[in-house]
Number of protein chains: 2
Amino acid sequence: MPPSPAKAREIELREETILGVARQLLLDRGYFGMTMDRIAEQVDFSKGTLYGHFGSKEDVLCALALESERKRTEFFQRAARFDGSPRERMTAVGAAYELYFRLHPTYFRSEQLIHSQELLTKIAPERQAEVMQCGAKCHGLMTAIVEDAVRLRQLALPRTLTPGTLTFLLWSLTSGAYSNLGDPEHLRQLGVANPVEAVRHACQTFLDGLGWKALSTQHDYAKTVRQVFSRCFPEEMAEAILMPAA
Amino acid sequence: MPPSPAKAREIELREETILGVARQLLLDRGYFGMTMDRIAEQVDFSKGTLYGHFGSKEDVLCALALESERKRTEFFQRAARFDGSPRERMTAVGAAYELYFRLHPTYFRSEQLIHSQELLTKIAPERQAEVMQCGAKCHGLMTAIVEDAVRLRQLALPRTLTPGTLTFLLWSLTSGAYSNLGDPEHLRQLGVANPVEAVRHACQTFLDGLGWKALSTQHDYAKTVRQVFSRCFPEEMAEAILMPAA
DNA sequence: AATTTTATTGACGCTTCGTCAATCCCCGCC
DNA sequence: GGCGGGGATTGACGAAGCGTCAATAAAATT
């Protein structure tokens with residue numbers, strides 16, 4: 001009575017198919033346009049089977065978010081391994097976030113949806129937990145870099161500022177800015193020409209304000225970013241160049 | 001056949017009633033719990049009449065967001081009039097945002113919903129435009145403060161950083177952090193004890209990094225914040241003290 | 001080949017949004 | 001007071017989506 005391995009494999013693969021279709025629908029038609037019936041229609045099996053894999057529409061969305069979180073976590077890990085000072089490594093993580101955002105806007109979108117809405121109710125708990133873990137992992141990666149800098153006496157944190165809090169702030173600035181991007185034309189009217197670059201600068205300025213050495217007056221962090229791109233993300237950069245203009 | 005003034009007044013007032021009920025539902029039961037039928041049930045007239053005032057559920061939500069934006073704009077205006085240096089006035093605006101966030105979490109929530117989701121499709125255009133205007137107004141208030149500082153030579157912006165962009169960054173940091181608050185217990189596990197205070201410090205550190213005078217080493221901006229609260233928002237502070245613990 | 005176990009289906013129940021023909025009510029007029 | 005008319009109000013209804021489950025098909029076992 002155990003199902004044959006071939007069948008089992010097919011069932012595994014189906015999950016990917018579903019998520020692929022769902023992601024495209026989310027991109028093209030938004031949250032409300034991504035209906036379970038439409039997904040079922042585009043994969044070649046029925047809604048009932050769909051619900052065998054995912055307990056609810058929100059569960060599908062959460063699975064998408066989880067893929068996203070995993071991708072981002074992978075990007076962060078690669079960046080955090082950059083060979084350089086803690087501040088360079090933190091810069092590398094920022095570059096990774098930027099690249100992730102540019103290459104995978106759909107991923108970023110599904111993350112946002114999961115976090116912004118109260119969709120967390122009808123979700124498989126283990127999936128929810130895994131999403132949280134990814135977030136915690138990314139946070140931990142960055143916090144470890146801060147702690148390295150403190151250990152090396154390149155950064156002296158004020159008493160009220162914990163490493164975790166500093167991470168929270170950098171994270172908030174970046175994700176907040178990316179969330180606010182919306183319509184580029186509207187931004188231009190507000191006098192914001194290049195928000196992504198602005199975020200890079202703002203992070204550096206903030207770290208300068210904290211006195212995290214080497215200060216950006218003493219080190220060319222723009223160069224670090226270029227190095228991170230070419231060393232940690234060579235393939236992704238090639239991909240980025242070929243992408244349609246953002 | 002022109003409707004009697006009494007009737008007309010009643011109709012006007014109804015709009016407020018609807019929004020009050022809607023806001024409470026949004027707070028208690030979330031976006032999906034706020035159904036048109038429930039709203040109709042709690043006000044004492046029917047769904048049809050409801051749809052005479054608001055074209056769709058999203059339109060109701062947008063009206064809520066508009067109230068919020070107006071409230072925030074008013075807070076910002078009062079703060080921007082604070083009697084002090086440009087940097088003190090910018091600090092005042094930050095304090096106003098903080099107060100707004102603390103006093104009106106529901107308001108903040110409806111704003112977020114409007115901006116985060118693709119709810120903008122089925123909305124009365126004039127309402128949508130008004131929301132945008134409020135946003136632009138707040139942005140303009142802050143940008144004007146930056147420009148004052150530049151004019152007074154208390155701030156020298158790098159060539160690539162426009163006043164509008166600086167506003168965008170401060171805004172992103174603050175709103176991004178507030179959006180990420182979510183569960184305080186979870187934050188504590190990440191080593192974030194007092195996020196709101198952390199945001200205040202981060203803004204100051206960022207401005208220090210830009211060299212906006214007077215630097216926070218030369219001036220006590222915590223004192224400025226206290227002054228702003230007591231001078232610009234005396235009544236709201238009394239209210240805040242009486243509020244249930246956040 | 002028969003039987004049991006598992007996988008799949010899509011019609012169905014339920015909820016919600018938004019509409020609209022029928023109804024009500026208020027007002028001036030006879 | 002009774003009547004007529006026009007805007008205001010209603011709630012039943014159609015459409016669409018989510019999630020279920022009895023019925024059916026497929027696969028595995030004997």
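Throughout, protein chains are lettered first and strands after them, A, B, ... in sequence-line order, and every chain is numbered starting at 1. The shown structure was predicted, so the numbers you read here are calculated from the model rather than taken from an experiment.
If you take CG of A/Leu61 and C1' of D/dC18, they are 15 Å apart, rounded to a whole angstrom. To the nearest angstrom, P of C/dC14 lies 22 Å from CZ of B/Phe32. If you take CG of A/Asp59 and P of D/dG19, they are 9 Å apart, rounded to a whole angstrom.
Residues of residues 36-58 of chain B having a heavy atom closer than 4.0 Å to DNA chain D, listed by number: B/Phe45, B/Ser46, B/Gly48, B/Thr49.
The side chain of A/Arg14 places an N or O atom within less than 4.0 Å of a non-bridging phosphate oxygen (OP1 or OP2) of C/dT8.
The ring of B/Phe76 has its center no closer than 6.0 angstrom to the ring center of B/Tyr100.
Checked by atom type and distance alone, the side chain of A/Ser172 never pairs as donor or acceptor with a backbone atom of B/Asn180 at under 3.5 Å.
The ring-ring contact (aromatic ring centres under 6.0 Å, His included) pairs that include a residue from residues 33-66 of chain A number zero, where partners must be two or more places apart or lie in different chains.
Scanning all heavy atoms of the two residues, the minimum distance from B/Leu26 to B/Leu64 falls at CD2-CD1, 4.1 Å.
Using the six-membered ring where Trp is involved, A/Phe101 and A/Tyr178 have ring planes that are parallel, under 30° apart on the 30 and 60° scheme.
With a 6.0 Å cutoff to the six-membered ring centre and a 45° limit on the axis angle, B/Arg23 counts as a cation-pi contact of B/Tyr107.
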